[in-house]
Protein chains: 2
Amino acid sequence: MRITYKGDYAINTILDLAVHYNKSLVTIHELARRSDMPIKFLEQVLLELKRGGFVKSKRGKVGGYFLAKHPAQIKLGDVIRFIDGPIEPIACVEKRYSGCNIIERCVLRKIWQEINLATSNVVDNVTFEDLLNQINVQKETAVYQI
Amino acid sequence: MRITYKGDYAINTILDLAVHYNKSLVTIHELARRSDMPIKFLEQVLLELKRGGFVKSKRGKVGGYFLAKHPAQIKLGDVIRFIDGPIEPIACVEKRYSGCNIIERCVLRKIWQEINLATSNVVDNVTFEDLLNQINVQKETAVYQI
DNA sequence: TGTATACTCTACTAATATGATAGACATTAT
DNA sequence: ATAATGTCTATCATATTAGTAGAGTATACA
């Protein structure tokens, strides 16, 4: 798995929307400014995230984007898979693969599966609520330090 | 990390050479046939592996390729990094990265580090001798099954 | 009802990576 | 000599990535 710019933008966008969940809509302009993303590129990422059911939008003046679900309902892995494709390090361990006839015996396949499991285990056990909480902990710590 | 065809070819080639370690040279032709790789592409992969110090060669009639080191001295991760690039899932957790100024606080960075560690932990703890041994175990098992 | 603000949609483009292929050349055993 | 083998450089087609351009649609509000 390799996270592309698009994936990174998508994740940061959803995290930003998670921060404002149930509080306010966020415009593309704000998102782009806060995370330093090219606005026209971000537009497309947002449309894709919308098609994926991650975000919703309100058009017109005072419009903007907001999360389609509670941050706890969105796993990091969901976003990565949707935007950047499979977590698997190689095609032969992906779900629908059928090209290799020594699959049972292949010693490498076991390694790739191990990596796949280890990676999935991380990204599928982190929700955007978890990320939010960590951000809040950091903020509090910062306050105490002053 | 995503394994490309080139990476896959390289790994299978080294595994093949490991099987013949200290026994015989292996020609490009044999390697290509056994692992079903385009011979002209494999040529280039082999030259790259040679530059990387993984394999050596003997030219002319009865020439061929052989491993430059003992299979136990070659980690899977070495080959992957050399051929397919960084194990890290995103640039900001790579060694020489310096582009991000919130590195200390970034909650995502912790996730990427976790994935990096989990993945490295697999590929850096598997040598080609390990793979060889597993192949041999499978062969024995197969014999018993007959 | 006009207009500013915001999201929507399609098309296009430049750069790079990937997966090859082609062909001339160099080396070595016999 | 010659057949078998590795070496090297160039070229190519396709896909992916990252981004840009511009016209269109919806909405709040004066």
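The figures here come from the full heavy-atom set of this structure, side chains too, leaving out hydrogens, waters and symmetry mates. Small disclaimer: the values here were computed from a predicted structure and weren't measured. Below, read A as the first sequence line, B as the second, and so on, with proteins coming before strands; counting in each chain starts at 1.
Around atom NZ of A:K69, more than 12 heavy atoms belonging to other residues, nucleotides or ligands sit under 6.0 Å away. The neighbour count for B:H29 NE2, taken as heavy atoms of other residues, nucleotides or ligands under 6.0 Å away, does not exceed 12.
Side-chain contact check for A:K110 versus A:Q113: every heavy-atom pair is 4.5 Å or farther apart.
Of the residues in residues 7-37 of chain A, those lying under 4.0 Å from DNA chain C by heavy-atom distance are A:V26, A:T27, A:I28. For DNA chain C, no neighbouring residue in residues 81-90 of chain A is found when judged by any heavy atom under 4.0 Å. Residues of residues 46-70 of chain A having a heavy atom closer than 4.0 Å to DNA chain D, listed by number: A:K58, A:R59, A:G60, A:K61, A:V62.
No donor-acceptor pair under 3.5 Å is formed between the side chain of B:D84 and the backbone N or O of B:I80.
Every residue was checked against the ring pair (Phe, Tyr, Trp, His ring centres under 6.0 Å) condition with A:Y65, not counting sequence neighbours, and none meets it. Scored by the side chain to side chain donor-acceptor pair (under 3.5 Å) test, A:S24 finds no partners at all (sequence neighbours excluded).
Ion pairing of A:E94 with A:R81 is absent here, as no side-chain N (NZ or NE/NH1/NH2) approaches a carboxylate O to less than 4.0 Å.
Whole-Å rounding puts the B:I39 CD1 to C:dG19 P distance at 19 Å. Separating the CG atom of A:L42 from the C1' atom of C:dC7 is a distance of 12 Å, rounded to the nearest angstrom. Atoms CZ (A:R2) and P (C:dT16) sit 16 Å apart, rounded to a whole Å. Rounded to whole Å, the distance from CD on B:E43 to P on C:dG19 is 18 Å.
In this structure, the nucleotide among D:dT20, C:dG19, D:dC8 sitting nearest to the side chain of B:K40 is D:dC8.
Taking each heavy atom of A:I14 and A:L67 in turn, the nearest pair found is CG2-CD2, 3.8 Å.
At a cut-off of 3.5 angstrom, counting only N and O atoms as typed in the model, there is no donor on one side facing an acceptor on the other between the side-chain of A:Q44 and the base of C:dT8.
OP1 or OP2 of C:dG19 has at least one side-chain nitrogen or oxygen of B:T4 nearer than 4.0 Å.
Remark: A:L108 CG to B:L76 CG distance equals 6.5 Å, nearest 0.5 Å. To the nearest 0.5 Å, atoms CG (A:L132) and CG (A:L15) are separated by 6.0 Å.
Identified under the salt bridge (Lys or Arg N to Asp or Glu O under 4.0 Å) test for residues 30-44 of chain A, with sequence neighbours left out: A:D16-A:R34, A:K40-A:E43.
A:F41 comes within 4.0 angstrom of a base, heavy atoms only.
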